Amino acid sequence: ERGPILSQPRVLIVAGKNSKATVIESYVSLAQTSYLTNAVTEIILEEGASVEHYKLQRESEEAFHIGTTYVRQNRDSQFTSFSIALGAKLSRNNLNVNLDQEGAGCMLNGLYVVSDDQHVDNTTLINHSRPHGTSSQLYKGLLSGKSTGVFSGKVFVHPDAQKTDAHQVNKNLLLSDQANVNTKPQLEILANDVQCTHGAAVGQLDEDAIFYFETRGIDREKARKLLSFGFANEVMQTIPLETIRTEVNHLIFQRLEDFSCVPEALKHRDSEKDVGDEFI
(Lines give C-alpha, C1' and ligand atoms only; values in the text may rest on other atoms or scores of the structure.)
Protein backbone atom coordinates (compact mmCIF):
# COMPACT_ATOMS: atom_id res chain seq x y z
CA GLU A 1 0.00 0.00 0.00
CA ARG A 2 1.43 3.34 -1.02
CA GLY A 3 1.74 5.99 1.68
CA PRO A 4 1.20 9.75 1.49
CA ILE A 5 2.89 11.50 -1.46
CA LEU A 6 5.05 14.61 -1.14
CA SER A 7 6.39 16.48 -4.17
CA GLN A 8 8.95 19.29 -3.73
CA PRO A 9 9.97 20.71 -7.13
CA ARG A 10 12.46 23.58 -7.23
CA VAL A 11 13.16 25.70 -10.29
CA LEU A 12 15.81 28.38 -10.87
CA ILE A 13 15.49 30.68 -13.89
CA VAL A 14 18.18 33.23 -14.78
CA ALA A 15 17.34 35.55 -17.68
CA GLY A 16 20.53 37.13 -19.03
CA LYS A 17 21.00 40.71 -20.17
CA ASN A 18 18.41 41.79 -22.79
CA SER A 19 17.07 38.24 -23.09
CA LYS A 20 13.44 37.21 -23.48
CA ALA A 21 11.77 34.07 -22.16
CA THR A 22 8.34 32.51 -21.70
CA VAL A 23 8.02 29.94 -18.89
CA ILE A 24 4.97 27.72 -18.30
CA GLU A 25 4.76 26.09 -14.86
CA SER A 26 1.90 23.59 -14.82
CA TYR A 27 0.59 21.41 -11.99
CA VAL A 28 -1.98 18.79 -12.93
CA SER A 29 -3.37 15.56 -11.51
CA LEU A 30 -5.02 12.78 -13.50
CA ALA A 31 -6.73 11.23 -10.46
CA GLN A 32 -8.59 12.56 -7.43
CA THR A 33 -5.95 11.58 -4.87
CA SER A 34 -4.58 13.28 -1.78
CA TYR A 35 -0.97 14.53 -1.79
CA LEU A 36 1.11 17.63 -1.02
CA THR A 37 2.98 19.78 -3.52
CA ASN A 38 5.55 22.15 -2.02
CA ALA A 39 7.05 24.12 -4.92
CA VAL A 40 9.68 26.89 -5.04
CA THR A 41 10.53 28.91 -8.16
CA GLU A 42 13.27 31.55 -8.27
CA ILE A 43 13.50 33.97 -11.21
CA ILE A 44 16.35 36.46 -11.71
CA LEU A 45 16.14 39.05 -14.46
CA GLU A 46 19.34 40.78 -15.52
CA GLU A 47 19.42 44.24 -17.12
CA GLY A 48 16.85 44.67 -19.89
CA ALA A 49 15.56 41.10 -19.61
CA SER A 50 11.90 40.22 -20.17
CA VAL A 51 10.15 37.15 -18.71
CA GLU A 52 6.56 35.96 -19.05
CA HIS A 53 5.74 33.43 -16.33
CA TYR A 54 2.58 31.30 -16.40
CA LYS A 55 1.52 29.23 -13.41
CA LEU A 56 -1.43 26.92 -14.05
CA GLN A 57 -2.59 24.97 -10.99
CA ARG A 58 -5.30 22.38 -11.65
CA GLU A 59 -4.46 19.60 -9.23
CA SER A 60 -6.72 17.05 -7.59
CA GLU A 61 -9.43 18.59 -5.41
CA GLU A 62 -8.18 16.28 -2.64
CA ALA A 63 -4.62 17.61 -2.88
CA PHE A 64 -2.73 20.38 -1.09
CA HIS A 65 -0.59 22.89 -2.97
CA ILE A 66 1.90 25.33 -1.45
CA GLY A 67 3.85 27.34 -4.02
CA THR A 68 6.31 30.22 -3.61
CA THR A 69 7.82 32.30 -6.40
CA TYR A 70 10.69 34.74 -5.76
CA VAL A 71 11.57 37.31 -8.41
CA ARG A 72 14.55 39.71 -8.45
CA GLN A 73 14.72 42.35 -11.17
CA ASN A 74 17.62 44.47 -12.38
CA ARG A 75 17.59 47.73 -14.36
CA ASP A 76 14.90 48.12 -17.05
CA SER A 77 13.78 44.49 -16.78
CA GLN A 78 10.14 43.48 -17.26
CA PHE A 79 8.41 40.60 -15.47
CA THR A 80 4.86 39.43 -16.26
CA SER A 81 3.05 36.82 -14.17
CA PHE A 82 -0.18 34.95 -14.90
CA SER A 83 -1.48 32.77 -12.07
CA ILE A 84 -4.48 30.50 -12.71
CA ALA A 85 -5.70 28.46 -9.71
CA LEU A 86 -8.48 25.92 -10.24
CA GLY A 87 -7.63 22.78 -8.30
CA ALA A 88 -6.51 21.51 -4.87
CA LYS A 89 -8.48 21.22 -1.68
CA LEU A 90 -6.20 23.85 -0.18
CA SER A 91 -3.80 25.96 -2.20
CA ARG A 92 -1.54 28.89 -1.42
CA ASN A 93 0.42 30.91 -3.95
CA ASN A 94 3.10 33.25 -2.61
CA LEU A 95 4.60 35.71 -5.09
CA ASN A 96 7.41 38.05 -3.98
CA VAL A 97 8.82 40.52 -6.52
CA ASN A 98 11.80 42.76 -5.78
CA LEU A 99 12.37 45.67 -8.15
CA ASP A 100 16.00 46.16 -7.17
CA GLN A 101 17.15 48.57 -9.89
CA GLU A 102 15.86 51.73 -11.58
CA GLY A 103 13.27 51.37 -14.32
CA ALA A 104 12.21 47.80 -13.50
CA GLY A 105 8.56 46.90 -13.99
CA CYS A 106 6.19 44.02 -13.30
CA MET A 107 2.61 43.04 -14.10
CA LEU A 108 0.91 40.40 -11.94
CA ASN A 109 -2.43 38.96 -13.07
CA GLY A 110 -4.33 36.17 -11.35
CA LEU A 111 -7.59 34.25 -11.62
CA TYR A 112 -8.96 31.68 -9.18
CA VAL A 113 -12.13 29.62 -9.68
CA VAL A 114 -13.11 27.33 -6.80
CA SER A 115 -16.19 25.46 -5.56
CA ASP A 116 -17.37 22.93 -2.96
CA ASP A 117 -15.09 23.26 0.10
CA GLN A 118 -11.94 24.39 -1.72
CA HIS A 119 -9.70 27.05 -0.19
CA VAL A 120 -7.41 29.26 -2.29
CA ASP A 121 -4.95 31.83 -0.94
CA ASN A 122 -3.00 34.37 -3.02
CA THR A 123 -0.35 36.41 -1.21
CA THR A 124 1.74 38.92 -3.12
CA LEU A 125 4.50 41.32 -2.11
CA ILE A 126 6.07 43.89 -4.44
CA ASN A 127 9.11 45.78 -3.18
CA HIS A 128 9.87 49.03 -5.02
CA SER A 129 13.45 49.81 -4.02
CA ARG A 130 14.63 52.23 -6.75
CA PRO A 131 13.18 55.15 -8.78
CA HIS A 132 10.98 54.92 -11.88
CA GLY A 133 9.62 51.48 -11.07
CA THR A 134 6.20 50.33 -12.26
CA SER A 135 3.88 47.60 -11.08
CA SER A 136 0.29 46.54 -11.68
CA GLN A 137 -1.82 43.78 -10.16
CA LEU A 138 -5.19 42.43 -11.24
CA TYR A 139 -6.55 39.42 -9.37
CA LYS A 140 -10.09 38.12 -9.76
CA GLY A 141 -11.94 35.27 -8.06
CA LEU A 142 -15.07 33.22 -8.80
CA LEU A 143 -16.26 31.29 -5.76
CA SER A 144 -19.13 28.81 -5.44
CA GLY A 145 -20.33 26.17 -2.95
CA LYS A 146 -18.69 26.52 0.46
CA SER A 147 -15.37 27.64 -0.96
CA THR A 148 -13.11 30.27 0.57
CA GLY A 149 -10.75 32.71 -1.07
CA VAL A 150 -8.02 34.90 0.38
CA PHE A 151 -6.15 37.73 -1.30
CA SER A 152 -3.41 39.58 0.56
CA GLY A 153 -1.42 41.93 -1.63
CA LYS A 154 1.17 44.43 -0.41
CA VAL A 155 3.08 47.08 -2.32
CA PHE A 156 6.02 48.53 -0.38
CA VAL A 157 7.55 51.72 -1.77
CA HIS A 158 10.95 52.43 -0.17
CA PRO A 159 12.24 55.99 0.50
CA ASP A 160 14.56 55.94 -2.54
CA ALA A 161 11.83 54.74 -4.93
CA GLN A 162 10.69 58.14 -6.21
CA LYS A 163 8.56 58.31 -9.39
CA THR A 164 7.04 54.91 -8.61
CA ASP A 165 3.83 54.02 -10.46
CA ALA A 166 1.97 51.17 -8.75
CA HIS A 167 -1.63 49.96 -9.03
CA GLN A 168 -3.44 47.02 -7.44
CA VAL A 169 -7.00 45.65 -7.86
CA ASN A 170 -8.74 42.58 -6.45
CA LYS A 171 -12.35 41.71 -7.36
CA ASN A 172 -14.37 38.70 -6.26
CA LEU A 173 -17.69 37.27 -7.37
CA LEU A 174 -19.65 35.06 -4.95
CA LEU A 175 -21.85 32.57 -6.80
CA SER A 176 -23.40 30.93 -3.73
CA ASP A 177 -24.67 32.01 -0.34
CA GLN A 178 -22.00 30.06 1.54
CA ALA A 179 -18.91 31.09 -0.42
CA ASN A 180 -16.76 33.75 1.21
CA VAL A 181 -13.61 35.72 0.56
CA ASN A 182 -11.16 37.76 2.62
CA THR A 183 -9.33 40.46 0.71
CA LYS A 184 -6.66 42.86 1.97
CA PRO A 185 -4.91 45.12 -0.54
CA GLN A 186 -2.12 47.11 1.12
CA LEU A 187 0.08 50.08 0.26
CA GLU A 188 3.05 51.19 2.37
CA ILE A 189 4.63 54.30 0.88
CA LEU A 190 7.76 55.93 2.26
CA ALA A 191 8.46 58.12 -0.80
CA ASN A 192 6.66 61.39 -1.58
CA ASP A 193 6.66 61.52 -5.40
CA VAL A 194 4.63 58.50 -6.46
CA GLN A 195 1.38 57.46 -8.14
CA CYS A 196 -0.17 54.53 -6.28
CA THR A 197 -3.70 53.13 -6.06
CA HIS A 198 -5.31 50.02 -4.63
CA GLY A 199 -8.82 48.65 -4.28
CA ALA A 200 -10.97 45.58 -3.64
CA ALA A 201 -14.57 44.55 -4.22
CA VAL A 202 -16.74 41.58 -3.26
CA GLY A 203 -20.26 41.04 -4.56
CA GLN A 204 -22.78 39.07 -6.58
CA LEU A 205 -24.00 39.44 -10.13
CA ASP A 206 -26.18 42.37 -11.14
CA GLU A 207 -29.83 41.27 -11.24
CA ASP A 208 -30.66 43.86 -13.91
CA ALA A 209 -28.15 42.23 -16.26
CA ILE A 210 -29.66 38.79 -15.57
CA PHE A 211 -33.16 40.12 -16.23
CA TYR A 212 -31.95 41.57 -19.54
CA PHE A 213 -30.75 38.11 -20.63
CA GLU A 214 -34.08 36.56 -19.56
CA THR A 215 -36.01 39.04 -21.71
CA ARG A 216 -33.94 37.76 -24.64
CA GLY A 217 -35.00 34.15 -24.01
CA ILE A 218 -31.88 33.03 -22.09
CA ASP A 219 -32.69 31.15 -18.89
CA ARG A 220 -31.46 32.39 -15.52
CA GLU A 221 -28.81 29.73 -14.95
CA LYS A 222 -27.23 30.18 -18.37
CA ALA A 223 -27.31 33.97 -17.96
CA ARG A 224 -25.41 33.76 -14.69
CA LYS A 225 -22.80 31.48 -16.25
CA LEU A 226 -22.29 33.83 -19.20
CA LEU A 227 -21.96 36.85 -16.92
CA SER A 228 -19.54 34.96 -14.68
CA PHE A 229 -17.44 34.04 -17.69
CA GLY A 230 -17.45 37.67 -18.76
CA PHE A 231 -16.25 38.69 -15.29
CA ALA A 232 -13.26 36.32 -15.55
CA ASN A 233 -12.57 37.30 -19.14
CA GLU A 234 -10.89 40.58 -18.12
CA VAL A 235 -7.98 38.57 -16.72
CA MET A 236 -7.97 35.96 -19.49
CA GLN A 237 -7.71 38.61 -22.20
CA THR A 238 -4.45 39.87 -20.69
CA ILE A 239 -2.76 36.54 -21.58
CA PRO A 240 -0.70 37.21 -24.72
CA LEU A 241 0.12 33.57 -25.49
CA GLU A 242 -2.80 32.35 -27.59
CA THR A 243 -2.45 28.64 -26.80
CA ILE A 244 -2.57 29.31 -23.05
CA ARG A 245 -5.43 31.80 -23.42
CA THR A 246 -7.48 29.27 -25.39
CA GLU A 247 -6.82 26.50 -22.86
CA VAL A 248 -7.71 28.74 -19.90
CA ASN A 249 -10.92 29.87 -21.63
CA HIS A 250 -11.90 26.22 -22.05
CA LEU A 251 -11.04 25.31 -18.44
CA ILE A 252 -12.97 28.25 -16.95
CA PHE A 253 -16.06 27.57 -19.07
CA GLN A 254 -15.88 23.89 -18.10
CA ARG A 255 -15.68 24.76 -14.40
CA LEU A 256 -18.70 27.05 -14.66
CA GLU A 257 -20.63 24.19 -16.28
CA ASP A 258 -19.72 21.92 -13.37
CA PHE A 259 -21.36 23.93 -10.61
CA SER A 260 -24.51 25.96 -10.18
CA CYS A 261 -24.15 29.73 -10.40
CA VAL A 262 -27.47 30.47 -8.73
CA PRO A 263 -27.37 31.16 -4.96
CA GLU A 264 -30.11 29.39 -2.99
CA ALA A 265 -31.51 32.72 -1.80
CA LEU A 266 -32.20 33.72 -5.42
CA LYS A 267 -33.82 30.54 -6.66
CA HIS A 268 -37.22 31.18 -5.09
CA ARG A 269 -37.61 34.94 -5.14
CA ASP A 270 -38.41 37.59 -7.66
CA SER A 271 -35.56 39.56 -9.23
CA GLU A 272 -33.91 41.96 -6.83
CA LYS A 273 -30.85 44.13 -7.26
CA ASP A 274 -27.69 42.70 -5.69
CA VAL A 275 -24.45 44.43 -4.94
CA GLY A 276 -21.62 44.12 -7.41
CA ASP A 277 -22.82 46.30 -10.31
CA GLU A 278 -19.24 47.21 -11.07
CA PHE A 279 -18.54 43.63 -12.11
CA ILE A 280 -20.62 43.82 -15.29
Side-chain angles (χ1 to χ4, degrees), residues 22-23 25 41-43 45 50-57 67-73 77-86 91-101 103-114 120-143 149-158 161 163-173 181-191 194-203 231-241 244-245 248 252 276 278-279:
T22 298
V23 180
E25 189 176 345
T41 301
E42 296 177 87
I43 304 174
L45 289 82
S50 176
V51 172
E52 285 182 11
H53 178 245
Y54 297 86
K55 181 176 180 180
L56 181 57
Q57 188 275 109
T68 300
T69 303
Y70 295 101
V71 180
R72 181 165 61 83
Q73 296 187 236
S77 62
Q78 296 294 321
F79 175 71
T80 306
S81 168
F82 300 93
S83 173
I84 309 297
L86 307 177
S91 64
R92 173 156 179 162
N93 299 294
N94 301 308
L95 178 53
N96 299 334
V97 181
N98 294 294
L99 306 175
D100 284 346
Q101 298 294 332
C106 69
M107 180 175 70
L108 314 182
N109 292 332
L111 178 64
Y112 41 101
V113 182
V114 290
V120 59
D121 185 322
N122 286 285
T123 301
T124 67
L125 171 62
I126 299 178
N127 271 304
H128 283 269
S129 302
R130 294 292 183 265
H132 299 283
T134 62
S135 68
S136 67
Q137 293 182 78
L138 174 61
Y139 274 73
K140 282 191 166 187
L142 286 165
L143 301 99
V150 176
F151 175 81
S152 178
K154 183 173 183 178
V155 177
F156 185 17
V157 182
H158 293 259
K163 304 294 184 180
T164 288
D165 190 343
H167 305 280
Q168 179 188 76
V169 176
N170 174 236
K171 292 184 178 181
N172 299 275
L173 199 53
V181 66
N182 300 298
T183 178
K184 186 172 69 172
Q186 306 167 75
L187 281 177
E188 186 170 346
I189 304 171
L190 303 181
V194 301
Q195 294 185 21
C196 298
T197 62
H198 67 160
V202 180
F231 170 79
N233 196 52
E234 182 182 2
V235 175
M236 292 186 286
Q237 288 304 308
T238 66
I239 300 175
L241 195 59
I244 296 293
R245 186 171 64 251
V248 171
I252 299 304
E278 70 276 11
F279 294 144

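Since the structure is predicted, the reported quantities are computational estimates derived from the model, not experimental observations.
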Residues two or more places apart in sequence or in another chain: which of them pass side-chain contact (heavy atoms from CB on, under 4.5 Å) with Ser77? Leu45, Gln73, Ala104
Testing the basics here: between Cys106 and Ile126, what is the closest heavy-atom pair and its distance to 0.1 Å? SG-CD1, 3.9 Å
Is it the case that Lys171 places NZ or CZ above or below the six-membered ring of Phe231, under 6.0 angstrom from the centre and within 45 degrees of the axis? no
For Lys154, give me all partners under salt bridge (Lys or Arg N to Asp or Glu O under 4.0 Å), at least two apart in sequence or on another chain. Glu188
Does Ala161 have any side-chain contact (heavy atoms from CB on, under 4.5 Å) partners at least two apart in sequence or in another chain, and if so, which? His128, Val157, Thr164
What distance do Gln195 atom CD and Thr134 atom OG1 have between them, rounded to the nearest 0.5 Å? 11.5 Å
Can you list everything that forms a side-chain contact (heavy atoms from CB on, under 4.5 Å) with Thr80? Sequence neighbours excluded, please. Glu52, Phe82, Met107
Please name all residues satisfying ring pair (Phe, Tyr, Trp, His ring centres under 6.0 Å) with Tyr139, sequence neighbours left out, ordered by chain then number. Phe151
Spacing of Leu108 atom CG and Ser136 atom OG [to the nearest 0.5 Å]: 7.0 Å
Worked verdict on Tyr112 versus Asn172 for side chain to side chain contact (heavy atoms under 4.5 Å, CB included): CA-CA 9 Å; Tyr112 41 101; Asn172 299 275; 2.5 Å; yes
Give the minimum heavy-atom separation between Lys55 and Gly67, together with the two atoms involved. NZ-CA, 3.6 Å
Show, in sequence, the C-alpha distance, side-chain angles and deciding distance for Leu86 and Ile252, and conclude whether the side chain to side chain contact (heavy atoms under 4.5 Å, CB included) test is met. CA-CA 8 Å; Leu86 307 177; Ile252 299 304; 3.6 Å; yes
In short, Gln168 meets Gln186 closest at the heavy-atom pair OE1-N, 3.4 Å
Checking Leu190 now: which residues fulfil side-chain contact (heavy atoms from CB on, under 4.5 Å) with it, not counting sequence neighbours? Phe156, Pro159
List in chain and number order the residues that pass side-chain hydrogen bond (donor to acceptor under 3.5 Å, both in side chains) with His158, two or more places apart in sequence or in another chain; answer none if no residue qualifies. Asn127
Hits for side-chain hydrogen bond (donor to acceptor under 3.5 Å, both in side chains) against His198, two or more places apart or cross-chain, chain-then-number order -> none
Quick one: pull up CG in Asn96 and CZ in Arg72 and give me the separation to the nearest 0.5 Å. 14.0 Å
Nearest 0.5 Å, what's the OG-CG distance between Ser83 and Asn122? 5.5 Å
List the residues meeting side-chain hydrogen bond (donor to acceptor under 3.5 Å, both in side chains) with Thr124, not counting sequence neighbours, and say none if there are none. Gln137
All pairs passing salt bridge (Lys or Arg N to Asp or Glu O under 4.0 Å) where residues 103-112 contributes a residue, at least two apart: none
Using the salt bridge (Lys or Arg N to Asp or Glu O under 4.0 Å) criterion, which residues pair with Lys163? Sequence neighbours excluded. Asp193
Heavy-atom closest pair (Pro240 atom, Arg245 atom, distance to 0.1 Å) is O-NH1, 3.6 Å
Reported CG-to-NE2 distance for the pair Leu187 and His167, which is rounded to 0.5 angstrom: 10.0 Å
Roughly how far apart are Cys196 SG and Asp165 CG, rounded to 0.5 Å? 7.5 Å
For Leu143 against Val181, the heavy-atom pair lying closest together: CD1-CB, 4.5 Å
The salt bridge (Lys or Arg N to Asp or Glu O under 4.0 Å) partners of Arg92 (sequence neighbours excluded) come to Asp121
